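Take a look at the structure below.
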Amino acid sequence: MTKPLITPQTLKGFRDYLPAPAMAREAIMEIARKVYRSYGFSPIDTPALEYTEVLLGKGGDESDKQLFRFTDQGGRDVAMRFDLTVPFARFAAQHLNDIGVPFKRYHLAPVWRGENTQRGRYREFMQCDFDTIGTDSNAADIETLLVIHDLLAAIGFERFRIRVNNRLVLNGLLDKLGLADRSSGVLRALDKLHKIGREGVTAELCEKVATTPEQAQQVLEFAHLTGTPAEVLALLDTMLAGNAVGEQGIARLRELFTVARSAGIPDDRVDLDVSIARGLDYYTGTIYETFLTDDPKIGSICSGGRYDNLAGLFTSQKLPGVGASLGLDRLLAAMESFGMIAQASTPAPVLVVSFQADRLSDYVKIGRELRSAGINTEVFPDSRAVGKQLKYADKKGFRLAVIAGENEFAAGVWQVKDLKQGTQTSVATADLARHIQEVLAAGITT
RNA sequence: GUGGUUGUAGCUCAGUUGGUUAGAGCACCAGAUUGUGGAUCUGGGGGUCGCGGGUUCAAGUCCCGUCAUCCACCCCA
(Lines give C-alpha, C1' and ligand atoms only; values in the text may rest on other atoms or scores of the structure.)
Protein backbone atom coordinates (compact mmCIF):
# COMPACT_ATOMS: atom_id res chain seq x y z
CA MET A 1 0.00 0.00 0.00
CA THR A 2 1.39 3.35 -1.00
CA LYS A 3 0.26 6.47 0.74
CA PRO A 4 -1.55 9.00 -1.42
CA LEU A 5 0.96 11.72 -2.28
CA ILE A 6 0.39 15.42 -1.83
CA THR A 7 1.03 17.40 -4.98
CA PRO A 8 3.95 19.75 -4.31
CA GLN A 9 2.75 23.14 -5.48
CA THR A 10 3.00 26.81 -4.58
CA LEU A 11 0.19 29.34 -4.47
CA LYS A 12 -0.50 31.79 -7.25
CA GLY A 13 1.98 34.64 -7.00
CA PHE A 14 4.14 32.86 -4.41
CA ARG A 15 7.48 31.48 -5.53
CA ASP A 16 10.36 29.30 -4.45
CA TYR A 17 13.88 30.59 -4.78
CA LEU A 18 16.54 28.15 -5.98
CA PRO A 19 20.15 28.68 -4.85
CA ALA A 20 21.37 30.87 -7.74
CA PRO A 21 18.55 33.45 -7.61
CA ALA A 22 18.42 33.18 -3.81
CA MET A 23 22.10 34.10 -3.63
CA ALA A 24 21.51 36.97 -6.05
CA ARG A 25 18.68 38.23 -3.88
CA GLU A 26 20.74 38.01 -0.72
CA ALA A 27 23.58 39.82 -2.44
CA ILE A 28 21.28 42.69 -3.40
CA MET A 29 19.87 42.88 0.10
CA GLU A 30 23.41 43.07 1.40
CA ILE A 31 24.16 45.93 -0.99
CA ALA A 32 20.97 47.73 0.01
CA ARG A 33 21.86 47.46 3.68
CA LYS A 34 25.33 48.73 2.99
CA VAL A 35 24.15 51.73 0.97
CA TYR A 36 21.40 52.63 3.46
CA ARG A 37 23.79 52.38 6.38
CA SER A 38 26.34 54.51 4.56
CA TYR A 39 23.83 57.38 4.79
CA GLY A 40 23.04 56.69 8.42
CA PHE A 41 19.75 54.85 8.11
CA SER A 42 19.12 52.35 10.92
CA PRO A 43 17.43 48.97 10.55
CA ILE A 44 14.03 48.26 12.06
CA ASP A 45 11.60 45.38 11.78
CA THR A 46 7.88 45.02 12.34
CA PRO A 47 5.48 42.03 12.40
CA ALA A 48 4.13 40.52 9.19
CA LEU A 49 0.66 40.52 10.73
CA GLU A 50 -1.15 43.61 12.00
CA TYR A 51 -4.61 44.49 13.23
CA THR A 52 -6.66 45.08 10.10
CA GLU A 53 -7.69 48.53 11.25
CA VAL A 54 -4.04 49.55 11.48
CA LEU A 55 -3.48 48.64 7.86
CA LEU A 56 -6.75 49.93 6.48
CA GLY A 57 -7.05 53.12 8.48
CA LYS A 58 -10.44 54.56 8.98
CA GLY A 59 -12.75 54.09 6.03
CA GLY A 60 -10.01 52.19 4.27
CA ASP A 61 -11.02 50.21 1.25
CA GLU A 62 -10.06 46.59 1.70
CA SER A 63 -10.39 45.62 -1.94
CA ASP A 64 -8.12 48.55 -2.74
CA LYS A 65 -5.30 47.20 -0.65
CA GLN A 66 -5.88 43.62 -1.78
CA LEU A 67 -5.32 42.39 1.73
CA PHE A 68 -4.74 38.87 2.89
CA ARG A 69 -7.14 39.05 5.83
CA PHE A 70 -8.47 36.56 8.35
CA THR A 71 -9.59 36.05 11.93
CA ASP A 72 -6.87 34.73 14.20
CA GLN A 73 -7.09 32.09 16.93
CA GLY A 74 -8.20 34.73 19.43
CA GLY A 75 -10.97 36.10 17.23
CA ARG A 76 -8.94 39.19 16.19
CA ASP A 77 -9.43 40.74 12.79
CA VAL A 78 -5.91 40.63 11.34
CA ALA A 79 -4.19 41.07 7.99
CA MET A 80 -0.75 40.71 6.42
CA ARG A 81 1.04 43.95 5.62
CA PHE A 82 0.73 45.10 2.00
CA ASP A 83 3.59 47.57 2.26
CA LEU A 84 6.20 48.74 4.78
CA THR A 85 5.07 52.35 5.01
CA VAL A 86 1.83 51.86 6.90
CA PRO A 87 3.45 49.61 9.50
CA PHE A 88 6.19 52.23 9.78
CA ALA A 89 3.57 54.89 10.46
CA ARG A 90 2.19 52.78 13.29
CA PHE A 91 5.71 52.08 14.51
CA ALA A 92 6.67 55.75 14.47
CA ALA A 93 3.58 56.82 16.38
CA GLN A 94 4.03 54.05 18.91
CA HIS A 95 7.73 54.61 19.57
CA LEU A 96 8.07 58.31 18.93
CA ASN A 97 9.49 58.97 22.40
CA ASP A 98 12.19 56.36 21.92
CA ILE A 99 13.30 57.20 18.44
CA GLY A 100 13.14 61.02 18.38
CA VAL A 101 13.30 63.04 15.18
CA PRO A 102 14.63 63.34 12.63
CA PHE A 103 14.61 59.58 12.31
CA LYS A 104 16.06 57.56 9.46
CA ARG A 105 15.25 53.91 9.11
CA TYR A 106 15.49 51.15 6.54
CA HIS A 107 13.39 48.02 6.45
CA LEU A 108 13.93 44.99 4.23
CA ALA A 109 10.97 42.64 4.42
CA PRO A 110 8.35 40.75 2.43
CA VAL A 111 4.89 42.17 1.85
CA TRP A 112 1.74 40.55 0.49
CA ARG A 113 -0.95 41.69 -1.92
CA GLY A 114 -3.72 39.51 -3.31
CA GLU A 115 -3.63 41.03 -6.76
CA ASN A 116 -3.37 39.39 -10.15
CA THR A 117 0.10 38.23 -11.08
CA GLN A 118 2.40 38.93 -13.97
CA ARG A 119 6.10 38.91 -14.64
CA GLY A 120 7.63 41.08 -11.93
CA ARG A 121 4.29 41.26 -10.09
CA TYR A 122 3.82 38.74 -7.35
CA ARG A 123 1.62 38.23 -4.33
CA GLU A 124 4.59 37.95 -2.03
CA PHE A 125 7.51 40.23 -2.70
CA MET A 126 10.39 41.83 -0.90
CA GLN A 127 10.56 45.55 -0.41
CA CYS A 128 13.63 47.50 0.63
CA ASP A 129 12.34 50.75 2.12
CA PHE A 130 14.20 53.70 3.52
CA ASP A 131 12.65 56.85 4.96
CA THR A 132 13.63 60.02 6.74
CA ILE A 133 10.89 61.39 8.97
CA GLY A 134 10.53 64.46 11.15
CA THR A 135 11.92 66.99 8.71
CA ASP A 136 10.56 69.14 5.89
CA SER A 137 14.02 69.94 4.63
CA ASN A 138 14.71 69.61 0.94
CA ALA A 139 18.07 68.18 1.97
CA ALA A 140 16.27 64.96 2.86
CA ASP A 141 14.56 64.93 -0.56
CA ILE A 142 17.91 65.35 -2.25
CA GLU A 143 19.50 62.66 -0.13
CA THR A 144 16.69 60.29 -1.12
CA LEU A 145 17.64 60.81 -4.75
CA LEU A 146 21.28 60.15 -3.97
CA VAL A 147 20.45 56.95 -2.13
CA ILE A 148 18.34 55.63 -5.02
CA HIS A 149 21.16 56.41 -7.40
CA ASP A 150 23.89 54.89 -5.27
CA LEU A 151 21.82 51.80 -4.64
CA LEU A 152 21.26 51.00 -8.31
CA ALA A 153 24.83 51.83 -9.19
CA ALA A 154 26.09 49.58 -6.40
CA ILE A 155 23.92 46.71 -7.62
CA GLY A 156 25.70 47.06 -10.95
CA PHE A 157 23.29 48.97 -13.15
CA GLU A 158 24.52 51.65 -15.49
CA ARG A 159 21.53 52.15 -17.73
CA PHE A 160 18.73 53.45 -15.53
CA ARG A 161 16.85 56.68 -15.14
CA ILE A 162 15.35 58.24 -12.06
CA ARG A 163 12.35 60.36 -12.93
CA VAL A 164 11.67 63.14 -10.48
CA ASN A 165 8.70 65.43 -10.13
CA ASN A 166 7.04 67.47 -7.40
CA ARG A 167 3.39 67.29 -6.46
CA LEU A 168 3.43 70.98 -5.62
CA VAL A 169 4.08 71.70 -9.28
CA LEU A 170 1.17 69.50 -10.27
CA ASN A 171 -1.05 71.12 -7.66
CA GLY A 172 -0.08 74.54 -8.94
CA LEU A 173 -1.12 73.54 -12.42
CA LEU A 174 -4.43 72.10 -11.22
CA ASP A 175 -5.11 75.33 -9.33
CA LYS A 176 -4.51 77.39 -12.40
CA LEU A 177 -6.78 75.23 -14.49
CA GLY A 178 -9.52 75.06 -11.89
CA LEU A 179 -9.22 71.31 -11.64
CA ALA A 180 -8.08 71.06 -8.01
CA ASP A 181 -11.28 69.24 -7.07
CA ARG A 182 -10.58 66.49 -9.61
CA SER A 183 -6.86 66.19 -8.98
CA SER A 184 -6.72 62.43 -8.51
CA GLY A 185 -8.47 61.73 -11.79
CA VAL A 186 -6.31 64.17 -13.68
CA LEU A 187 -3.11 62.87 -12.14
CA ARG A 188 -4.06 59.29 -12.79
CA ALA A 189 -4.59 60.09 -16.47
CA LEU A 190 -1.40 62.13 -16.62
CA ASP A 191 0.59 59.30 -15.06
CA LYS A 192 -0.23 57.12 -18.07
CA LEU A 193 1.34 59.47 -20.59
CA HIS A 194 4.33 57.22 -21.24
CA LYS A 195 2.02 54.28 -21.76
CA ILE A 196 -1.01 55.50 -23.69
CA GLY A 197 0.31 58.66 -25.30
CA ARG A 198 -1.26 62.07 -25.78
CA GLU A 199 -4.47 60.93 -27.45
CA GLY A 200 -5.08 58.37 -24.73
CA VAL A 201 -4.59 60.91 -21.99
CA THR A 202 -6.82 63.43 -23.72
CA ALA A 203 -9.54 60.85 -24.15
CA GLU A 204 -9.34 59.78 -20.53
CA LEU A 205 -9.39 63.37 -19.30
CA CYS A 206 -12.47 64.28 -21.33
CA GLU A 207 -14.39 61.06 -20.77
CA LYS A 208 -13.52 59.89 -17.27
CA VAL A 209 -12.58 63.14 -15.57
CA ALA A 210 -15.02 65.33 -17.49
CA THR A 211 -12.58 68.14 -18.15
CA THR A 212 -13.25 70.56 -20.95
CA PRO A 213 -11.22 70.00 -24.12
CA GLU A 214 -9.36 73.25 -23.34
CA GLN A 215 -8.38 72.03 -19.90
CA ALA A 216 -7.29 68.69 -21.33
CA GLN A 217 -5.16 70.43 -23.88
CA GLN A 218 -3.48 72.57 -21.27
CA VAL A 219 -2.71 69.54 -19.15
CA LEU A 220 -1.20 67.89 -22.19
CA GLU A 221 0.81 70.94 -23.09
CA PHE A 222 2.21 70.90 -19.60
CA ALA A 223 2.96 67.19 -19.72
CA HIS A 224 4.85 67.57 -22.94
CA LEU A 225 7.50 69.76 -21.46
CA THR A 226 10.75 68.12 -22.38
CA GLY A 227 14.40 68.98 -22.28
CA THR A 228 17.02 69.26 -19.62
CA PRO A 229 15.83 69.91 -16.08
CA ALA A 230 17.03 73.52 -16.39
CA GLU A 231 14.99 74.04 -19.55
CA VAL A 232 11.87 72.48 -18.14
CA LEU A 233 12.20 74.50 -14.95
CA ALA A 234 12.50 77.71 -16.97
CA LEU A 235 9.30 76.86 -18.82
CA LEU A 236 7.57 76.02 -15.56
CA ASP A 237 8.61 79.39 -14.17
CA THR A 238 6.56 81.18 -16.77
CA MET A 239 3.75 78.66 -16.84
CA LEU A 240 3.15 78.74 -13.10
CA ALA A 241 4.18 82.33 -12.39
CA GLY A 242 2.15 83.83 -9.59
CA ASN A 243 1.06 80.51 -8.15
CA ALA A 244 2.67 80.24 -4.72
CA VAL A 245 2.35 76.47 -4.43
CA GLY A 246 3.72 75.84 -7.88
CA GLU A 247 6.62 78.20 -7.33
CA GLN A 248 7.58 76.44 -4.16
CA GLY A 249 7.64 73.13 -5.99
CA ILE A 250 9.78 74.62 -8.74
CA ALA A 251 12.23 76.01 -6.21
CA ARG A 252 12.63 72.64 -4.52
CA LEU A 253 13.17 70.88 -7.81
CA ARG A 254 15.68 73.47 -8.92
CA GLU A 255 17.69 73.03 -5.76
CA LEU A 256 17.48 69.26 -6.06
CA PHE A 257 18.91 69.18 -9.57
CA THR A 258 21.59 71.72 -8.76
CA VAL A 259 22.81 69.87 -5.69
CA ALA A 260 22.56 66.42 -7.29
CA ARG A 261 24.67 67.61 -10.16
CA SER A 262 27.36 69.11 -7.97
CA ALA A 263 27.30 65.93 -5.89
CA GLY A 264 28.34 64.02 -8.99
CA ILE A 265 25.11 62.34 -10.12
CA PRO A 266 25.41 61.90 -13.90
CA ASP A 267 22.91 64.01 -15.84
CA ASP A 268 21.71 61.11 -17.94
CA ARG A 269 20.50 59.20 -14.90
CA VAL A 270 18.07 61.83 -13.58
CA ASP A 271 15.11 63.31 -15.41
CA LEU A 272 12.63 65.99 -14.54
CA ASP A 273 9.40 64.40 -15.71
CA VAL A 274 6.31 66.46 -14.94
CA SER A 275 4.00 63.66 -16.04
CA ILE A 276 4.70 61.32 -13.16
CA ALA A 277 2.15 61.53 -10.41
CA ARG A 278 3.00 58.51 -8.32
CA GLY A 279 1.27 57.87 -5.05
CA LEU A 280 -2.15 59.35 -5.50
CA ASP A 281 -2.97 59.06 -1.85
CA TYR A 282 -0.26 60.37 0.39
CA TYR A 283 2.61 61.91 -1.55
CA THR A 284 2.63 65.71 -1.30
CA GLY A 285 6.04 66.85 -2.53
CA THR A 286 8.94 65.34 -4.44
CA ILE A 287 8.11 62.10 -6.28
CA TYR A 288 10.58 59.50 -7.58
CA GLU A 289 10.29 56.64 -10.05
CA THR A 290 13.14 54.55 -11.40
CA PHE A 291 13.14 52.73 -14.73
CA LEU A 292 15.63 50.39 -16.29
CA THR A 293 16.51 51.59 -19.77
CA ASP A 294 16.66 48.02 -21.06
CA ASP A 295 13.43 46.78 -19.50
CA PRO A 296 11.00 49.67 -19.03
CA LYS A 297 7.97 47.40 -19.30
CA ILE A 298 8.64 45.85 -15.95
CA GLY A 299 7.70 49.15 -14.36
CA SER A 300 9.32 51.26 -11.72
CA ILE A 301 11.78 49.30 -9.63
CA CYS A 302 12.36 51.99 -7.04
CA SER A 303 9.69 54.56 -6.21
CA GLY A 304 8.91 56.97 -3.45
CA GLY A 305 8.23 60.51 -2.49
CA ARG A 306 7.64 63.11 0.17
CA TYR A 307 4.58 63.08 2.41
CA ASP A 308 3.25 65.73 4.79
CA ASN A 309 2.16 63.53 7.57
CA LEU A 310 3.10 59.91 7.90
CA ALA A 311 1.27 58.92 11.04
CA GLY A 312 -1.79 61.16 11.17
CA LEU A 313 -3.95 58.11 11.70
CA PHE A 314 -2.14 57.21 14.88
CA THR A 315 -0.94 60.42 16.52
CA SER A 316 -1.72 64.10 16.56
CA GLN A 317 1.97 64.82 16.24
CA LYS A 318 2.82 65.77 12.70
CA LEU A 319 5.49 63.66 11.04
CA PRO A 320 6.55 64.82 7.59
CA GLY A 321 9.01 62.66 5.74
CA VAL A 322 10.45 61.35 2.52
CA GLY A 323 11.51 57.91 1.39
CA ALA A 324 11.51 55.30 -1.31
CA SER A 325 11.31 51.57 -1.81
CA LEU A 326 13.26 49.17 -3.97
CA GLY A 327 11.12 46.36 -5.43
CA LEU A 328 13.55 43.53 -5.05
CA ASP A 329 11.64 40.73 -6.76
CA ARG A 330 10.74 42.92 -9.69
CA LEU A 331 14.37 43.94 -10.01
CA LEU A 332 15.45 40.31 -9.90
CA ALA A 333 12.96 39.41 -12.64
CA ALA A 334 14.58 42.06 -14.80
CA MET A 335 18.10 40.94 -13.92
CA GLU A 336 17.17 37.39 -14.80
CA SER A 337 16.11 38.42 -18.29
CA PHE A 338 19.38 40.33 -18.64
CA GLY A 339 21.38 37.24 -17.69
CA MET A 340 22.77 39.07 -14.68
CA ILE A 341 22.13 36.16 -12.32
CA ALA A 342 25.33 34.19 -11.82
CA GLN A 343 25.22 30.47 -12.58
CA ALA A 344 27.10 29.28 -9.52
CA SER A 345 24.82 27.71 -6.98
CA THR A 346 27.36 27.49 -4.18
CA PRO A 347 28.60 30.31 -2.00
CA ALA A 348 31.81 28.41 -1.37
CA PRO A 349 34.73 28.62 -3.79
CA VAL A 350 36.52 25.54 -2.45
CA LEU A 351 35.56 21.87 -2.38
CA VAL A 352 37.58 19.37 -0.38
CA VAL A 353 37.44 16.05 -2.22
CA SER A 354 36.79 13.05 0.03
CA PHE A 355 39.38 10.85 -1.50
CA GLN A 356 39.62 8.09 1.08
CA ALA A 357 36.96 7.35 3.66
CA ASP A 358 39.59 6.60 6.31
CA ARG A 359 41.05 10.10 5.98
CA LEU A 360 37.86 11.91 6.91
CA SER A 361 39.51 13.61 9.88
CA ASP A 362 42.15 15.17 7.60
CA TYR A 363 39.50 16.50 5.21
CA VAL A 364 37.37 17.92 8.00
CA LYS A 365 40.43 19.48 9.59
CA ILE A 366 41.64 21.22 6.43
CA GLY A 367 38.10 22.46 5.84
CA ARG A 368 38.08 24.15 9.21
CA GLU A 369 41.50 25.63 8.64
CA LEU A 370 40.45 27.16 5.35
CA ARG A 371 37.24 28.53 6.86
CA SER A 372 39.14 30.14 9.70
CA ALA A 373 41.24 31.84 7.00
CA GLY A 374 38.02 33.30 5.64
CA ILE A 375 37.62 30.87 2.74
CA ASN A 376 34.19 29.30 2.35
CA THR A 377 34.84 25.58 2.04
CA GLU A 378 32.68 22.51 1.54
CA VAL A 379 33.87 18.99 2.33
CA PHE A 380 32.27 16.43 0.04
CA PRO A 381 30.20 14.06 2.17
CA ASP A 382 30.77 10.75 0.34
CA SER A 383 33.96 9.02 -0.69
CA ARG A 384 32.80 8.55 -4.23
CA ALA A 385 35.02 8.33 -7.28
CA VAL A 386 37.16 11.45 -7.66
CA GLY A 387 35.74 12.01 -11.12
CA LYS A 388 32.23 12.20 -9.68
CA GLN A 389 33.27 14.67 -7.06
CA LEU A 390 34.99 16.90 -9.59
CA LYS A 391 31.95 16.76 -11.81
CA TYR A 392 29.82 17.85 -8.88
CA ALA A 393 32.26 20.67 -8.13
CA ASP A 394 32.17 21.82 -11.71
CA LYS A 395 28.40 21.78 -11.92
CA LYS A 396 27.89 23.65 -8.69
CA GLY A 397 30.36 26.32 -9.69
CA PHE A 398 33.20 25.70 -7.25
CA ARG A 399 36.37 27.47 -8.23
CA LEU A 400 38.91 25.14 -6.66
CA ALA A 401 39.08 21.52 -5.56
CA VAL A 402 41.67 20.40 -3.02
CA ILE A 403 42.65 16.76 -3.19
CA ALA A 404 44.89 14.52 -1.12
CA GLY A 405 45.45 10.76 -0.92
CA GLU A 406 48.20 8.65 0.59
CA ASN A 407 50.90 10.09 -1.70
CA GLU A 408 50.06 13.68 -0.72
CA PHE A 409 49.69 12.92 2.97
CA ALA A 410 53.11 11.22 2.89
CA ALA A 411 54.60 14.32 1.24
CA GLY A 412 52.66 16.79 3.40
CA VAL A 413 51.02 18.49 0.41
CA TRP A 414 47.60 19.03 -1.22
CA GLN A 415 46.74 19.08 -4.89
CA VAL A 416 44.90 22.30 -5.70
CA LYS A 417 42.90 21.95 -8.89
CA ASP A 418 41.61 25.07 -10.60
CA LEU A 419 38.27 24.03 -12.10
CA LYS A 420 38.09 27.06 -14.37
CA GLN A 421 41.54 26.83 -15.87
CA GLY A 422 42.08 23.09 -15.58
CA THR A 423 45.45 23.55 -13.92
CA GLN A 424 46.65 21.71 -10.86
CA THR A 425 49.44 22.58 -8.44
CA SER A 426 50.92 20.86 -5.45
CA VAL A 427 50.97 23.02 -2.33
CA ALA A 428 52.44 22.32 1.11
CA THR A 429 49.78 21.99 3.81
CA ALA A 430 51.17 24.98 5.71
CA ASP A 431 50.86 27.23 2.64
CA LEU A 432 47.49 26.01 1.49
CA ALA A 433 45.27 28.79 2.86
CA ARG A 434 47.55 31.56 1.69
CA HIS A 435 47.91 30.00 -1.75
CA ILE A 436 44.14 29.70 -2.16
CA GLN A 437 43.62 33.28 -1.02
CA GLU A 438 46.04 34.42 -3.69
CA VAL A 439 44.33 32.40 -6.41
CA LEU A 440 40.91 33.70 -5.41
CA ALA A 441 42.08 37.29 -5.16
CA ALA A 442 43.59 37.04 -8.63
CA GLY A 443 40.38 35.56 -9.93
CA ILE A 444 38.35 38.58 -8.90
CA THR A 445 40.40 41.00 -10.93
CA THR A 446 40.22 39.02 -14.17
C1' G B 1 -11.44 42.21 -9.90
C1' U B 2 -12.22 42.16 -15.88
C1' G B 3 -10.71 40.08 -20.72
C1' G B 4 -7.41 36.93 -23.24
C1' U B 5 -2.79 33.29 -23.73
C1' U B 6 -0.40 28.95 -22.51
C1' G B 7 0.02 24.17 -19.56
C1' U B 8 3.03 17.09 -22.95
C1' A B 9 9.87 13.91 -19.23
C1' G B 10 14.00 17.97 -14.52
C1' C B 11 14.37 22.00 -18.87
C1' U B 12 13.08 23.64 -24.13
C1' C B 13 9.62 21.75 -27.28
C1' A B 14 7.31 18.16 -31.41
C1' G B 15 2.92 15.29 -31.57
C1' U B 16 -0.56 15.68 -38.54
C1' U B 17 -8.84 16.18 -39.92
C1' G B 18 -9.72 12.57 -32.33
C1' G B 19 -7.19 6.21 -33.86
C1' U B 20 -3.66 1.45 -31.25
C1' U B 21 3.27 0.69 -27.29
C1' A B 22 3.42 9.60 -26.55
C1' G B 23 8.76 11.39 -29.25
C1' A B 24 13.41 14.63 -29.75
C1' G B 25 17.37 17.68 -27.87
C1' C B 26 19.56 19.07 -23.41
C1' A B 27 19.86 17.41 -18.25
C1' C B 28 20.22 12.99 -15.00
C1' C B 29 22.27 7.82 -13.82
C1' A B 30 25.78 3.77 -15.25
C1' G B 31 29.90 2.15 -18.17
C1' A B 32 34.13 2.86 -21.70
C1' U B 33 38.31 5.48 -17.98
C1' U B 34 39.37 0.94 -10.29
C1' G B 35 44.03 8.81 -8.24
C1' U B 36 41.07 13.63 -11.41
C1' G B 37 35.43 17.43 -14.08
C1' G B 38 33.87 19.98 -18.76
C1' A B 39 34.52 16.39 -24.90
C1' U B 40 33.05 11.71 -27.37
C1' C B 41 30.72 6.89 -27.59
C1' U B 42 27.44 2.98 -25.50
C1' G B 43 23.55 1.73 -22.38
C1' G B 44 19.72 3.16 -18.72
C1' G B 45 15.90 5.45 -15.60
C1' G B 46 12.16 8.83 -15.89
C1' G B 47 5.56 11.21 -18.52
C1' U B 48 -1.65 9.77 -14.04
C1' C B 49 -0.13 14.45 -21.42
C1' G B 50 -1.60 20.50 -14.91
C1' C B 51 -6.01 18.50 -12.16
C1' G B 52 -11.41 16.95 -12.25
C1' G B 53 -15.59 15.88 -15.08
C1' G B 54 -18.09 15.27 -19.96
C1' U B 55 -18.77 13.81 -25.39
C1' U B 56 -17.05 9.31 -28.21
C1' C B 57 -16.21 2.54 -30.04
C1' A B 58 -11.69 5.62 -29.17
C1' A B 59 -9.35 12.02 -26.12
C1' G B 60 -2.59 14.69 -25.47
C1' U B 61 -6.04 16.26 -29.49
C1' C B 62 -13.18 18.26 -28.79
C1' C B 63 -16.48 20.55 -24.55
C1' C B 64 -17.13 22.35 -19.33
C1' G B 65 -14.98 23.38 -14.67
C1' U B 66 -10.66 24.16 -11.77
C1' C B 67 -5.43 25.24 -10.58
C1' A B 68 -1.15 27.59 -12.34
C1' U B 69 1.28 30.84 -16.01
C1' C B 70 2.04 34.90 -19.13
C1' C B 71 -0.28 39.27 -21.64
C1' A B 72 -3.67 43.61 -21.70
C1' C B 73 -6.68 46.47 -18.31
C1' C B 74 -6.81 48.05 -13.00
C1' C B 75 -3.20 49.26 -9.83
C1' C B 76 1.49 49.19 -8.36
C1' A B 77 7.46 47.36 -6.30
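Nothing here was measured: the structure is a model prediction, and the numbers come from that model. Protein chains get the first letters and strands the later ones, always in sequence-line order, with residue 1 at the start of each.
- Note on A/N116: a base of the nucleic acid sits closer than 4.0 angstrom, heavy atoms only.
- Between B/A30 and A/R384, a contact under 4.0 Å exists linking OP1 or OP2 to a side-chain N or O.
- Looking at heavy-atom distances under 4.0 Å, A/G13 makes contact with sugar-phosphate atoms alone, never a base.
- Across all strands, A/L419 comes closer than 4.0 Å to base atoms (heavy-atom distances).
- Checked by distance alone, A/R330 brings a side-chain donor or acceptor within 3.5 Å of a matching partner on the base of B/C76.
- At least one side-chain nitrogen or oxygen of A/K395 sits closer than 4.0 Å to the OP1 or OP2 atom of B/C28.
- At the heavy-atom level, A/G387 lies under 4.0 Å from the strands shown only through sugar-phosphate atoms.
- In this model, the phosphate group of B/C29 is not approached by any side-chain N or O of A/K388 to a distance below 4.0 Å at OP1 or OP2.
- Aromatic ring pairs are classed by plane angle as parallel below 30°, tilted from 30° to 60° and perpendicular above 60°; the pair A/F130 and A/F41 is perpendicular.
- Judged by distance alone, with hydrogens and angles left aside, A/R113 brings a side-chain donor or acceptor within reach of the base of B/A77, the pair sitting under 3.5 Å.
- Residue A/K12 has its side chain nearest to B/U69 when only B/G37, B/A30, B/U69 are considered.
- Listed pair A/Q118 / B/A72 meets the phosphate criterion, a side-chain N or O lying under 4.0 Å from OP1 or OP2.
- Base engagement by A/D418 is indicated by at least one non-hydrogen atom pair under 4.0 Å involving a base atom.
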Distances under 3.5 Å only, N/O to N/O: pair up the protein atoms with those of nucleotides 32-35 of chain B.
| residue | atom | partner | partner atom | Å |
| --- | --- | --- | --- | --- |
| B/G35 | O6 | A/N407 | N | 3.2 |
| B/G35 | O6 | A/N407 | OD1 | 3.3 |
| B/G35 | O6 | A/N407 | ND2 | 2.6 |
| B/G35 | N1 | A/E408 | OE1 | 2.8 |
| B/G35 | N1 | A/E408 | OE2 | 3.3 |
| B/G35 | N2 | A/E408 | OE1 | 3.2 |
| B/G35 | N2 | A/E408 | OE2 | 2.6 |

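- Of the side-chain N and O atoms in A/K297, one or more sit less than 4.0 angstrom from OP1 or OP2 of B/A72.
- Taking only distance into account, the side chain of A/E289 never meets the base of B/A77 through a donor-acceptor pair shorter than 3.5 Å.
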